[in-house]
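Encoded as structure tokens, the structure appears first; notes follow it.
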Number of protein chains: 2
Amino acid sequence: MTTTEAPRRLTAQGIERKQQLLDHAAELFAERGFGDTRVVDIVKRAGVAKGLFYWYFDNKESLFRELVELNRQRLRVAQAGAMDPRSDALTRIRQGVEASVVFMSRNAHFFSLLEVENLEKQFADVLRRGTEVHVTDVARLIGEGIATGTIREEDPVLLAYGVVGSVGYYSHFHRTGRIKLPVDELARFVGRSVVCSLAADERIARSVILAGQT
Amino acid sequence: MTTTEAPRRLTAQGIERKQQLLDHAAELFAERGFGDTRVVDIVKRAGVAKGLFYWYFDNKESLFRELVELNRQRLRVAQAGAMDPRSDALTRIRQGVEASVVFMSRNAHFFSLLEVENLEKQFADVLRRGTEVHVTDVARLIGEGIATGTIREEDPVLLAYGVVGSVGYYSHFHRTGRIKLPVDELARFVGRSVVCSLAADERIARSVILAGQT
DNA sequence: AGCGACATTGACCGCCGGGTCAAGCCGTAG
DNA sequence: CTACGGCTTGACCCGGCGGTCAATGTCGCT
């Protein structure tokens with residue numbers, strides 16, 4: 001199944017069309033979920049014939065997977081971009097967390113699927129792999145923070161799951177309209193929360209938080 | 001649709017059979033997800049004919065909803081039972097959190113569906129209502145904690161989402177085998193984590209945590 | 001015995017939706 | 001002009017699955 005299938009050569013028009021399909025699909029998935037979105041719905045919304053779908057994707061599942069990879073990468077880039085390499089680990093985590101919340105909000109239509117890992121068991125693999133990468137990233141930072149004494153001594157991986165979880169959950173609650181708050185405000189709140197749960201002591205927590213209240 | 005349909009009178013045998021179906025369904029849902037579980041699979045596993053399913057349930061969806069309500073209630077009871085009414089709010093939260101983690105682990109087969117709110121959009125309502133109840137419970141306690149000075153001053157509801165989220169996520173990661181740790185150890189860790197993220201100051205955090213390390 | 005209510009069976013129906021396909025279009029390179 | 005490969009169409013196929021139903025069984029009560 002992992003055959004190196006000839007990646008079809010696409011013209012400019014082809015690339016655009018494919019992107020349209022991805023976009024409309026993401027939108028529909030967010031609206032009704034993967035299982036309740038018909039291929040017909042996707043093509044209809046894009047205003048093309050059904051057969052065309054299968055010109056660009058092997059099948060519905062394959063489109064979904066592509067969507068996942070794409071957005072994971074974009075999120076990772078956003079996180080990396082938000083971190084100031086001169087800052088200490090805890091601060092960088094705060095920055096990454098805030099960026100993630102904002103990013104997820106901007107791409108709400110997509111993440112309403114992503115963060116939730118087992119909407120359909122068949123995707124457990126892709127989705128979890130993504131989370132795993134994220135967790136590893138954070139765990140590394142936490143390890144650093146523990147070494148330099150800014151983060152309390154606990155298993156870094158365990159703490160990392162908490163960070164990733166918080167971001168995911170808060171984003172989810174925000175997206176589904178149960179937390180009514182401007183994104184950036186929420187982002188700062190989650191940042192603060194995470195810092196509080198990680199900081200080695202009160203003084204550190206306060207200083208990292210204060211530095212973030214621009 | 002919310003017709004007060006005559007709730008069929010069940011004999012002892014009937015009640016048992018219905019429970020069997022619920023159990024097997026929960027198991028299968030956990031294995032493959034709701035969408036990928038066929039009614040036939042459920043009845044086959046229970047060793048009965050397909051038609052019987054519709055004797056006990058209106059349809060697949062209705063069974064699912066029943067499953068949800070049932071387990072929500074049981075969780076709530078477990079939480080309430082774990083809290084020592086003489087303790088302060090923060091401690092009670094810690095107790096509730098630990099109980100939740102344990103409960104979710106014991107009922108893993110079911111909660112692999114529950115905590116994830118939008119596996120299928122059609123269930124958003126039931127699932128969210130459940131979370132909402134939970135959040136409200138916790139928010140009340142947090143409000144109390146803020147009033148008595150043990151919890152830091154932030155919007156109680158916002159903080160409550162964090163607590164509920166943490167429990168859900170850690171349980172999820174544990175259930176899916178990515179956190180390999182005895183349940184009770186994990187429960188204590190999550191308890192500590194939550195306390196750290198809520199406590200008004202370091203002294204309080206330490207004392208509440210120490211009191212919990214039996 | 002025989003009635004009525006609960007319990008159980010499995011063949012059957014109908015539709016929905018994923019995926020196929022043969023044919024046609026259009027721009028460009030030769 | 002023609003050939004070719006990317007692009008587009010929509011009718012069609014077909015398997016799977018949710019849900020129905022008429023028949024049969026099995027209690028317990030009168």
Side-chain angles (χ1 to χ4, degrees), chain A residues 1 3 5-29 31-67 113 119-123, chain B residues 1 3 5-29 31-67 113 119-123:
Chain A
M1 280 299 133
T3 47
E5 81 280 332
R8 218 191 290 285
R9 307 220 8 212
L10 301 177
T11 66
Q13 183 190 167
I15 292 174
E16 196 182 350
R17 185 49 39 92
K18 182 168 178 175
Q19 192 57 48
Q20 280 171 22
L21 289 171
L22 281 166
D23 289 345
H24 286 120
E27 218 177 282
L28 282 160
F29 288 162
E31 283 171 23
R32 347 183 161 165
F34 177 83
D36 290 337
T37 300
R38 312 286 145 228
V39 171
V40 205
D41 299 332
I42 300 173
V43 295
K44 220 177 242 162
R45 190 166 288 198
V48 295
K50 186 171 166 190
L52 194 56
F53 184 94
Y54 294 92
W55 177 259
Y56 294 106
F57 306 97
D58 286 345
N59 48 46
K60 215 172 90 172
E61 180 172 331
S62 133
L63 173 147
F64 182 82
R65 286 170 183 275
E66 210 160 307
L67 212 48
L113 290 178
L119 62 179
E120 310 279 328
K121 292 290 169 186
Q122 47 184 311
F123 298 125
Chain B
M1 280 299 131
T3 48
E5 80 279 330
R8 216 189 295 283
R9 309 223 2 212
L10 302 177
T11 65
Q13 183 189 168
I15 292 174
E16 194 183 351
R17 184 48 40 90
K18 183 168 179 175
Q19 192 57 48
Q20 280 171 23
L21 288 171
L22 281 166
D23 289 345
H24 286 120
E27 219 176 280
L28 282 160
F29 288 161
E31 283 171 23
R32 354 184 153 161
F34 177 83
D36 290 338
T37 299
R38 312 289 144 225
V39 171
V40 204
D41 298 333
I42 300 174
V43 295
K44 220 176 242 163
R45 190 167 288 198
V48 296
K50 187 173 167 189
L52 193 55
F53 183 95
Y54 295 92
W55 178 259
Y56 293 105
F57 306 98
D58 286 346
N59 49 45
K60 213 172 91 171
E61 180 172 331
S62 133
L63 172 146
F64 183 81
R65 287 171 182 275
E66 210 160 307
L67 212 47
L113 290 178
L119 63 178
E120 311 278 327
K121 292 289 169 187
Q122 47 184 313
F123 299 124

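Numbers restart at 1 for each chain; the letters A, B, ... are given by sequence-line order, proteins then strands.
- The aromatic rings of Phe29(A) and Phe34(A) sit tilted, their planes meeting at an angle between 30° and 60°.
- One interatomic measurement links the two molecules: CZ of Arg32(B) to C1' of dC17(D), which rounds to 14 Å at whole-angstrom precision.
- If you take CD1 of Ile15(A) and P of dT8(D), they are 12 Å apart, rounded to a whole angstrom.
- Rounded to whole Å, the distance from CD on Gln13(B) to C1' on dA5(C) is 13 Å.
- Remark: P of dG19(D) and CD1 of Ile42(B) are 11 Å apart, rounded to the nearest angstrom.
- Regarding contacts with the backbone of dT8(C), every side-chain N or O of Trp55(B) stays at 4.0 angstrom or more from both OP1 and OP2.
- Partners of Lys60(A) according to the side-chain hydrogen bond (donor to acceptor under 3.5 Å, both in side chains) rule, which considers only residues two or more places apart in sequence or in another chain, do not exist here.
- Separating the NZ atom of Lys18(A) from the C1' atom of dT8(D) is a distance of 17 Å, rounded to the nearest angstrom.
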Dump the pairs, protein N or O against N or O of nucleotides 23-29 of chain C, anything under 3.5 Å, distances to one decimal.
none

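- Among residues two or more places apart in sequence or in another chain, the side-chain contact (heavy atoms from CB on, under 4.5 Å) test is passed with Glu27(A) by His24(A), Glu31(A), Arg45(A).
- When the side-chain hydrogen bond (donor to acceptor under 3.5 Å, both in side chains) test is applied to Arg17(A), the partners found at least two apart in sequence or on another chain are Gln20(A).
- Interatomic distance, CZ of Arg9(B) versus CD1 of Ile15(B), reported as 10.5 Å (0.5 Å rounding).
- With sequence neighbours excluded, no residue forms a salt bridge (charged side-chain N to carboxylate O under 4.0 Å, His left out) with Glu16(A).
- Distance Asp36(B) CG to dG16(D) P: 14 Å, rounded to the nearest Å.
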Please assess Lys50(A) against Val48(A) for the test side chain to side chain contact (heavy atoms under 4.5 Å, CB included), listing each intermediate value before the final yes or no. CA-CA 7 Å; Lys50(A) 186 171 166 190; Val48(A) 295; over 6 Å; no
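- For Ser62(B), the side-chain contact (heavy atoms from CB on, under 4.5 Å) partners two or more places apart in sequence, or in a different chain, are Phe57(B), Asp58(B), Asn59(B).
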With side chain to side chain contact (heavy atoms under 4.5 Å, CB included) as the criterion, how do Val43(B) and Leu52(B) come out once you've worked through the C-alpha distance, each side chain's angles and the decisive distance to 0.1 Å? CA-CA 8 Å; Val43(B) 295; Leu52(B) 193 55; 5.7 Å; no
Listed pairs, N/O of protein and of nucleotides 15-20 of chain C, under 3.5 Å:
unit_1: dG17(C); atom_1: OP1; unit_2: Arg38(A); atom_2: NE; d: 3.0
unit_1: dG17(C); atom_1: O5'; unit_2: Arg38(A); atom_2: NE; d: 3.2
unit_1: dG18(C); atom_1: OP1; unit_2: Arg38(A); atom_2: NH1; d: 3.4
unit_1: dG18(C); atom_1: OP1; unit_2: Lys60(A); atom_2: NZ; d: 3.4
unit_1: dG18(C); atom_1: OP2; unit_2: Val39(A); atom_2: N; d: 3.0
unit_1: dG18(C); atom_1: N7; unit_2: Lys50(A); atom_2: NZ; d: 2.9
unit_1: dG19(C); atom_1: OP2; unit_2: Tyr54(A); atom_2: OH; d: 3.4
unit_1: dG19(C); atom_1: OP2; unit_2: Lys60(A); atom_2: N; d: 3.4
unit_1: dG19(C); atom_1: N7; unit_2: Lys50(A); atom_2: NZ; d: 3.0
unit_1: dG19(C); atom_1: O6; unit_2: Lys50(A); atom_2: NZ; d: 2.5

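- In this structure, the helix from dA1(C)-dT30(D) to dG30(C)-dC1(D) shows an angle of 10° between the axis at its start and the axis at its end, each fitted on 5 base pairs and rounded to 10°.
- Taking side-chain N and O atoms only, Thr11(B) has a distance below 4.0 Å to OP1 or OP2 of dA7(C).
- Taking atom CZ on Arg17(A) and atom C1' on dT8(D), their separation rounds to 8 Å, with Å as the unit.
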Show me the protein contacts with nucleotides 26-29 of chain D, counting only N or O atoms at under 3.5 Å.
none

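- Partners of Asp41(A) according to the salt bridge (charged side-chain N to carboxylate O under 4.0 Å, His left out) rule, which considers only residues two or more places apart in sequence or in another chain, are Arg32(A).
- A sub-4.0 Å separation between OP1 or OP2 of dC6(C) and a side-chain N or O of Tyr56(B) is absent.
- Taking CZ of Arg65(B) as the start and CG of Leu67(B) as the end, the distance is 12.5 Å to the nearest 0.5 Å.
- By the side-chain hydrogen bond (donor to acceptor under 3.5 Å, both in side chains) test, Gln13(B) is found to be paired with no residue, residues two or more places apart in sequence or in another chain being considered.
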So Tyr56(B) and Leu22(B), side chain to side chain contact (heavy atoms under 4.5 Å, CB included) or not? Walk me through it. CA-CA 10 Å; Tyr56(B) 293 105; Leu22(B) 281 166; over 6 Å; no
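- Leu28(B) approaches Thr37(B) most closely through the heavy-atom pair O-OG1, 3.5 Å.
- If you measure from atom CG of Asp41(B) to atom P of dG16(D), you get 13 Å, rounded to the nearest angstrom.
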